[in-house]
Amino acid sequence: MASYFYTSSVPVFLCAFYVIQALKFSHSKAFTNIRCIGAEKEALLKLKQDLSDPSRRLWSWTGEDCCEWEGVGCSERTGHVSKLDLRNPCDDFVKCILEGKLHPALKELKHLKHLDLSFNNFSIQKIPASLVFLRKLEYLNLSSTGFYGNISNQLSNLSSLQYLDLSLNPIKTENLRWLSTFSNLKYLDLSYVPLLNRKEWLSPINMLSSLEYLILSGCVLEDASASLHVNFTSLRYLDLSNNFMNSSVPPWFLNLSKLEHLDLSYNDLQGTFPPAILENNRWLRFLDISQNRLGGELLENMSIFCDLQVLSLRANNFSGSISETKDNALICGRSNLKIIDVSFNNLSGNLPNQFGNFKDLEFLDLSLNSISGPIPATMGQLPSLRKLHLSFNRLSGNIPESIGRLSNLELMHFANNQLSGVVSELHFANLTSLTELYIYSNELVINVSTSWIPPFQIQNIFMSSCKVGPEFPNWIRTQSNISALDMSNASISDEVPHWLSDVLSNVKLLDLSQNMLRGTIARIIGKKMPLLIQVSLFGNNLSGGIPNSLCMLDGLNYLDLCRNQLSGRLPRCWRKSQANLRWISLGDNKFNGQIPNSLCHLKQLKVLGLQENDFHGVLPKCLLKLDFIMLDLSDNQFTGKIPPFGRHSRSSRIIDLGTNGFTGDIPLELCHLSNLQYLSLAHNNLSKGIPRCFNNFSRMWVNSTFSPYEGVPSLFPIMVDMKGTSREFTTTLRYLFSIDLSSNALDGQIPKGLTMLARLQNLNLSQNNLIGEIPLDIGNLRDLESLDLSNNKLSGEIPPSISNLDFLSCLDLSFNNLSGPVPSGNHLSTLDDQSVYRGNDGLCGAPLLKVCPGEDHNVKHRQDGHNTIEDESNEDDSIVVWFYVGLGPGFAVALLGLCCILHFKQSWRISYFWAVDRIIEKLSITRMIIILWFRRAFQFQLRK
């Protein structure tokens, strides 16, 4: 019976199977017929018609079934289009971008729940009005679409929204009240959408009780009201970075008990950061409060960071000793931290030894603090570490060999410390991932064998001021991916290896300056270096000429070959394609010939230094088309007239054409150079008068608003004749204001307009044929330190206002036809050298021995007047010396205060030492000793 049932039921089962399959097919076919709603398909085609699609992302938008098109999703129940995802999928957004105008037919897609148009370009269109009809939208992403205009209240109709991203668009909104209807909103991103009412932003958002993600970065927000009761019970992610909040951290942050991500970076928050934010929240994993003015000793209890994965306190005022932690609280059991960045603060003390618990740490940045002492050997117990920054501190001692165990380490940055000792092969033994090495500005000795093959392939090598030589390191030969190589001042005194240019085929930055390399440029700069951007080889013993291969480097923007033994003519192959070349420094070599006209193809050339060579001939007229910031052609044999610089060259700050054979007059076009702050035409054969329009150098005016950092390169050397000596200016050149027209054949009077240049520090008009009187308002040059009018034909009296020049430390009025009494009083009385006034027979009065007519002296005074004057002078000097001794500590305290202010501001240190140098130049011997003693102490304290 059972057997019968089995055999006889087979057709029944088969029948049932075919029936089911038929029903399924019938249902599928029937469903297919209704999947694509005709009106919605037509709407989609209209959208496609108005879009530019160069990458053919919408190639599938053909055929009957629109629900099968790429980026289109339909409801399986109703067949309506419920999802339209046209987000740009490419990392290179330009490659796959959709452009054009969004067709109004979008409103036909009334059943859309998900709309993503992000990272495309609809910049010719305001926010589409058709959005108002999409009332079922739950997800709307218009990030970086280019839509412009105001966010209108029409968005308030989209009450079903749970996700809204309008970030990175040129739109704006008056306020955020239109958000009040979005009671279901969980995600809101308005990054870089300016809020016109900066203060009224928190109250509307506070009404969004379901909000979990809030991103308002770059919205120009100001301080949130501290009195408003804020209760974001669901908030997990908060980003308020890049705004204008300049108060303390608002107290309502303490209530964010579910927060996992907090970013307050790049604001102006002040005061002490409340540690309770961390103590009260066990969910927080990401904290970034960098680039504020927050302070406190937050690191004294490291246990509050144990649950974090990312901690960034960079660029604040946090202080305290990093080694003095409360109750040994650095030990967290096992820390979850992956990123620690506390750079650019005021942290001090020694590095702690407890690094063993940071097994997951990948990024550690302690740079730009005042951390001292040795690098602990336990630093080598961080197996996950990829980037290690300890630069610009006061670390000392050796680099521990345990660093060589960090097999995942990609970047090691120990620059600008006081590290010493030997770096051997053991320090790199297992650094198989190392690609960037920065150990410059230390006292390290690199000691590896000539046969050593590193375990890594390095990209960036910065070893400046380390002892690498005397031989050129042979291990460089094994590296094929070098992008940047800086071994300047590395004690290398060797022949340039023949293989070097092949190894450097991918290099972008090359600095081998201040060594004693021998050989030719061609051995260093080969024909196949297409990526080369910067080359610095100054201060070596290189010989030969400049190879034509330099003309093939289209990306080159910086070339410094000065102070070598190079010779020959300049290449004539400079090309228009080298539009990026901005800096050429070839001074102090043995080049000859003329400046080639092809140099004028370099339209972006801003710095040209050809000083101290044997160039000759007339300057090419095409140089006038270049807008130089700095031009130094001094100490050559150029002839002819000075070109009328100024017609096109409005950016010029520095022009030095001294010690050549230029003739003719000074071109009036120079007066157009309002930015000029240094001009030297000394030691030429120029004639006629000084242009009266020199007062147009507005950068030198007393009320000039120009910043000393603006425009002037800090590494270009200029030799300046000042205070009777020749000295080199480099980093302090940007602070120098000088005009030197000495040793020419200039005649006429000194233009009165020169006295408008109140920022002048050096004025040298000596060795000319100038006549007339010294301008009465010479005292207006209040910053003048050196004034040389000697060896002219000036007449009349010395203006009394000259005694107002409080900074004047060098004065030479000798060998003129001046007459009358020498002014006295104020600072001028300290310039008591008679040689200042010699060769002017009509002058009288102190410090000269000649008594002025009409002075009432008794006979006794006339007989021993010289002794009396001498005694009084000695007595005055004695008083002055004791007075200056009393001032010494005061000056020292002032400088100490200045030191403290600038202690952590690296970019201001040059300004500090320049200021100290200027003070020293004006002090007596006693004060000078005191200040120099303190200056040396401060140099030690400021050294990084």
Side-chain angles (χ1 to χ4, degrees), residues 140 143 150-153 155-156 158-159 161-169 171-278 280-281 283-284 286-294:
L140 177 59
S143 176
N150 291 316
I151 302 176
S152 61
N153 290 329
L155 288 180
S156 61
L158 310 181
S159 57
L161 274 180
Q162 297 180 30
Y163 184 108
L164 177 60
D165 189 344
L166 301 176
S167 62
L168 298 167
N169 284 298
I171 56 180
K172 53 189 176 181
T173 178
E174 182 67 30
N175 54 58
L176 298 179
R177 293 174 187 168
W178 50 273
L179 290 171
S180 59
T181 58
F182 298 157
S183 58
N184 298 315
L185 198 64
K186 295 181 179 181
Y187 185 104
L188 175 62
D189 189 348
L190 298 177
S191 299
Y192 297 95
V193 175
L195 186 62
L196 300 182
N197 191 339
R198 299 180 180 183
K199 295 183 178 181
E200 299 295 328
W201 62 272
L202 183 57
S203 181
I205 293 175
N206 194 33
M207 300 172 64
L208 306 177
S209 57
S210 300
L211 200 62
E212 296 181 11
Y213 291 81
L214 175 60
I215 307 173
L216 298 177
S217 177
C219 294
V220 205
L221 303 179
E222 290 186 355
D223 306 326
S225 173
S227 60
L228 182 65
H229 177 69
V230 178
N231 190 18
F232 289 126
T233 56
S234 303
L235 200 62
R236 296 162 49 200
Y237 188 108
L238 177 60
D239 185 348
L240 299 178
S241 61
N242 287 281
N243 282 293
F244 289 89
M245 295 185 292
N246 60 3
S247 66
S248 59
V249 177
W252 54 267
F253 277 80
L254 300 175
N255 301 328
L256 306 179
S257 57
K258 293 184 179 180
L259 205 61
E260 299 173 12
H261 181 112
L262 176 59
D263 191 344
L264 301 175
S265 61
Y266 290 89
N267 279 286
D268 193 24
L269 294 170
Q270 305 165 28
T272 300
F273 182 81
I277 290 179
L278 291 146
N280 299 342
N281 190 334
W283 302 106
L284 196 62
F286 181 103
L287 176 63
D288 188 350
I289 51 177
S290 59
Q291 295 288 341
N292 282 285
R293 288 194 286 167
L294 294 167

Residue pair Leu240, Trp201: steps toward the side chain to side chain contact (heavy atoms under 4.5 Å, CB included) verdict: CA-CA 12 Å; Leu240 299 178; Trp201 62 272; 3.9 Å; yes

Full working for side chain to side chain contact (heavy atoms under 4.5 Å, CB included) between Ile151 and Lys172: CA-CA 6 Å; Ile151 302 176; Lys172 53 189 176 181; over 6 Å; no

Stepwise side chain to side chain contact (heavy atoms under 4.5 Å, CB included) test for Trp178 and Thr173: CA-CA 10 Å; Trp178 50 273; Thr173 178; 3.1 Å; yes

Audit row: Leu269, Ile289, side chain to side chain contact (heavy atoms under 4.5 Å, CB included) steps and yes/no: CA-CA 9 Å; Leu269 294 170; Ile289 51 177; 5.9 Å; no

Stepwise side-chain hydrogen bond (donor to acceptor under 3.5 Å, both in side chains) check, Trp283 with Ser257: CA-CA 8 Å; Trp283 302 106; Ser257 57; over 6 Å; no

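By the side-chain hydrogen bond (donor to acceptor under 3.5 Å, both in side chains) test, Ser265 pairs with Asp263, sequence neighbours left out. By the side-chain hydrogen bond (donor to acceptor under 3.5 Å, both in side chains) test, Asp239 is found to be paired with Ser241, residues two or more places apart in sequence or in another chain being considered. With sequence neighbours excluded, no residue forms a side-chain hydrogen bond (donor to acceptor under 3.5 Å, both in side chains) with Gln162.
Each of Asn169, Asp165, Asn242, Ile215 was scored for a side-chain contact (heavy atoms from CB on, under 4.5 Å) with Ser191, with one residue passing: Ile215. Screening Leu208, Leu259, Asn206, Asn255 for a side-chain contact (heavy atoms from CB on, under 4.5 Å) involving Phe232 leaves a single residue, Asn206.
Note: Glu212 CD to Leu188 CG = 13.0 Å, rounded to the nearest 0.5 Å. In this structure, the separation between CZ on Arg177 and CE on Met207 is 11.0 Å, given to the nearest 0.5 Å. To the nearest 0.5 Å, atoms CG (Leu264) and CZ (Phe273) are separated by 7.0 Å. Separation of atoms CG (Asn267) and CD (Gln291) is listed at 10.5 Å; rounding is to 0.5 Å. How far CG of Leu164 is from CG of Asp189: 8.5 Å, rounded to the nearest 0.5 Å. Annotation: the span from Leu176 atom CG to Leu190 atom CG amounts to 6.5 Å, rounded to 0.5 Å.
A donor-acceptor pair is defined here as one N or O able to donate and one able to accept, closer than 3.5 Å; such a pair exists between the side chain of Gln270 and the backbone of Asn246. Not a single donor-acceptor pair under 3.5 Å links the side chain of Asp268 to the backbone N or O of Asn292. Judged purely by atom type and a 3.5 angstrom limit, Asn243 uses its side chain to pair as donor or acceptor with the backbone of Leu216. No donor-acceptor pair under 3.5 Å is formed between the side chain of Asn280 and the backbone N or O of Ile277.
Ring planes of Phe286 and His261: parallel class, angle under 30° (limits at 30 and 60°).
The closest side-chain heavy-atom distance from Tyr192 to Cys219 is not below 4.5 Å. Using a 4.5 Å cut-off on side-chain heavy atoms (C-beta onward), Phe253 and Leu262 make contact. Between Ile205 and Leu214 there is a side-chain heavy-atom pair separated by less than 4.5 Å.
For the residue pair Ser167 and Ser143, a side-chain donor N or O sits within less than 3.5 Å of a side-chain acceptor on the partner.
A pairwise comparison of heavy atoms in Val220 and Phe244 identifies CG1-CE1, 3.4 Å as the closest pair.
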